[in-house]
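The block underneath contains the structure these notes are about, expressed in structure tokens.
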Amino acid sequence: MTDTLRLTVLYFAWLRERAGIAEERVEVPAGVATVAALVTWLAARSPGHASAFADPGVVRCAVNQEFADPGSPLRSGDEVAFFPPVTGG
Amino acid sequence: MTDTLRLTVLYFAWLRERAGIAEERVEVPAGVATVAALVTWLAARSPGHASAFADPGVVRCAVNQEFADPGSPLRSGDEVAFFPPVTGG
Amino acid sequence: MARILVQTQDFDTGAELARMTAGRRDVGGIGCFVGTVRDTAAGRKIAALNLEHYPAMTERALARIVEAAERRWTLLDCTVIHRVGRLEPGANIVLVLAASAHRQAALEATAFLIDWLKTKAPFWKKEEFLAGGEAWVAARESDEAAAARW
Amino acid sequence: MARILVQTQDFDTGAELARMTAGRRDVGGIGCFVGTVRDTAAGRKIAALNLEHYPAMTERALARIVEAAERRWTLLDCTVIHRVGRLEPGANIVLVLAASAHRQAALEATAFLIDWLKTKAPFWKKEEFLAGGEAWVAARESDEAAAARW
């Protein structure tokens with residue numbers, strides 16, 4: 001039984017600037033099994049992280065390069081990216 | 001008092017082919033004072049003209065390079081063009 | 001300001017785009033449509049299209065259409081180039097460009113210009129079939145409907 | 001079949017059009033949109049846009065958008081090229097091309113592709129102001145509405 005998830009977390013645009021990091025590898029308790037739970041867990045890591053996630057309503061997420069919801073499940077090995085609403089084109 | 005109108009009449013696409021002529025100058029009685037009256041007058045000129053105007057519903061018209069209706073008035077000196085619905089682009 | 005041309009020779013879309021935007025810094029988007037000759041019409045193979053127009057009227061009609069677009073959208077520039085004469089499959093027929101600060105205006109104006117051009121500019125197409133024979137292209141109700149939605 | 005590129009270098013719209021239609025005789029119309037950097041945003045003068053993206057995800061997201069277009073319209077080919085990095089006013093940002101046998105499909109697919117790209121592809125823009133300072137561009141509700149209409 002694995003009781004932790006190993007995740008790669010990426011930050012883009014102003015989330016990257018606020019978190020102060022572009023990419024980190026984290027090991028989270030198995031109970032952190034959804035995107036929403038990961039946000040709560042990450043926000044407690046540093047004042048920068050707290051600032052990045054201060055308004056979860058404007059944070060978007062992708063799991064393994066696919067758009068995900070707060071309720072999307074996480075598995076060990078996932079790449080989880082956080083970013084603001086996209087503004088390309 | 002002028003009792004005739006001098007008109008330049010142009011034909012395009014299959015109206016030109018059926019009429020057998022691309023452009024003609026005609027002098028019509030003053031009573032031929034609308035596009036519709038001109039069509040009736042022209043259709044009597046030759047079997048080719050009759051064929052060109054056999055179905056007036058599919059004939060479009062411009063007077064002095066502006067789209068016109070059957071009821072549009074004519075004046076001496078006008079350039080009157082007849083053609084099928086346009087198919088450019 | 002708009003560039004309106006009726007010509008037998010081909011056009012260079014890249015060069016027209018470059019010409020429209022040269023030195024400009026206020027353009028946010030350019031919509032573009034290029035119409036080309038297909039080799040098939042209603043299941044019959046085409047050798048060529050012959051495009052006829054009413055020279056004294058054509059550029060005026062195109063200018064009216066461009067003016068109508070300029071009344072509906074805030075455009076920075078427009079280009080309409082229509083070829084006439086004999087055009088073989090693969091050849092360019094028509095180019096529409098519309099530049100605006102905003103993409104919706106540019107895209108909508110482009111669609112408007114080609115829809116109106118198809119129903120309000122004095123061009124006529126005759127198809128030359130590969131198997132011989134020829135026929136004038138009939139106006140399509142779907143083109144009338146497309147023009148009427150604006 | 002679609003050509004999807006994310007790159008720092010400029011693109012050549014004329015060359016992309018030529019590449020798409022080379023040797024083809026089945027194309028009736030090509031819709032095209034070119035997005036460019038404006039020198040003004042919300043009344044402030046812009047020195048440059050900095051475009052960031054999520055490399056592992058971007059081309060996949062663009063491919064999904066193209067697939068969605070191909071499900072909705074009968075397209076012969078598509079091209080989507082998006083630039084990243086620092087882009088000054090007047091520079092090209094994005095190119096969309098959609099070729100079809102029929103103009104409506106080409107034009108609608110072009111508008112669809114740029115609308116969806118604006119809301120479903122992982123790009124972010126930061127404005128560098130001429131007067132100093134910078135700011136991330138906020139997503140616009142009008143872009144969401146444009147994407148939602150399809």
Side-chain angles (χ1 to χ4, degrees), chain C residues 11-18 20-41 45-47 49 76 88-104 106-108 110-115 117-118 130 140 142-143 145-146 149, chain D residues 11-18 20-41 45-47 49 76 88-104 106-108 110-115 117-118 130 140 142-143 145-146 149:
Chain C
F11 50 79
D12 178 336
T13 302
E16 293 297 331
L17 270 165
M20 176 171 277
T21 55
R24 293 199 83 126
R25 297 156 62 96
D26 54 353
V27 174
I30 305 140
C32 168
F33 177 77
V34 182
T36 50
V37 181
R38 278 197 300 149
D39 63 358
T40 309
K45 285 288 171 189
I46 296 288
L49 284 183
L76 297 167
E88 297 188 351
N92 289 325
I93 304 174
V94 61
L95 172 67
V96 170
L97 298 178
S100 176
H102 302 288
R103 86 176 181 289
Q104 292 298 354
L107 286 167
E108 288 180 16
T110 300
F112 170 88
L113 287 165
I114 186 68
D115 281 350
L117 186 155
K118 287 224 166 222
L130 209 56
R140 293 164 56 203
S142 60
D143 286 336
R149 73 196 160 112
Chain D
F11 51 78
D12 177 337
T13 302
E16 293 298 331
L17 270 166
M20 176 173 275
T21 54
R24 294 199 83 127
R25 298 157 62 96
D26 53 353
V27 174
I30 304 140
C32 168
F33 177 77
V34 182
T36 50
V37 181
R38 279 196 300 148
D39 64 357
T40 310
K45 285 287 173 190
I46 296 290
L49 285 183
L76 297 166
E88 298 187 351
N92 289 325
I93 304 174
V94 62
L95 171 68
V96 170
L97 298 178
S100 176
H102 302 288
R103 86 177 181 287
Q104 292 298 355
L107 287 166
E108 290 181 14
T110 300
F112 170 89
L113 287 165
I114 187 66
D115 281 349
L117 186 156
K118 288 225 168 221
L130 209 56
R140 294 164 56 203
S142 61
D143 285 337
R149 73 197 160 113

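Sequence lines set the chain letters: A, B, ... in the order given, protein chains first and strands last, and positions in each chain run from 1. When reading the values below, keep in mind they use all heavy atoms of this one structure, side chains included, and skip hydrogens, waters and symmetry mates.
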- Query: Given a strict heavy-atom distance threshold of 4.5 Å, which part of C:Val27 is in contact with chain D: side chain, backbone, both, or neither?
  - Reply: both
- Comparing D:Asp115, D:Thr110, D:Asp26 against chain C, the one with the most heavy-atom pairs below 4.5 Å turns out to be D:Asp115
- Message: At a 4.5 Å cut-off on heavy atoms, which part of C:Ile30 comes close to chain D: side chain, backbone, both, or neither?
- Response: both
- Task: Could you tell me which of D:Ala99, D:Gly90, D:Pro89 has the largest number of non-hydrogen atom pairs under 4.5 Å with chain C?
- Result: D:Pro89
- Looking only at D:Leu17, D:Val34, D:Leu107, the option with the highest number of non-hydrogen pairs under 4.5 Å against chain C is D:Val34
- Counting heavy-atom pairs under 4.5 angstrom with chain C, the leader among D:Gly14, D:Cys32, D:Ser142 is D:Cys32
- Quick one: of C:Arg24, C:Glu16, C:Glu88, C:His102, who has the most non-hydrogen atom pairs under 4.5 Å with chain D? C:His102
- Working to the nearest 0.5 Å, report the span between CZ of D:Arg103 and OG1 of C:Thr36. 13.0 Å
- Message: Which one wins on heavy-atom pair count under 4.5 Å against chain C: D:Ala15, D:Ala101, D:Ala146?
- Response: D:Ala101
- Message: Given heavy-atom pairs under 4.5 angstrom as the criterion, report whether the side chain, backbone, both or neither of D:Gln104 touches chain C.
- Response: side chain
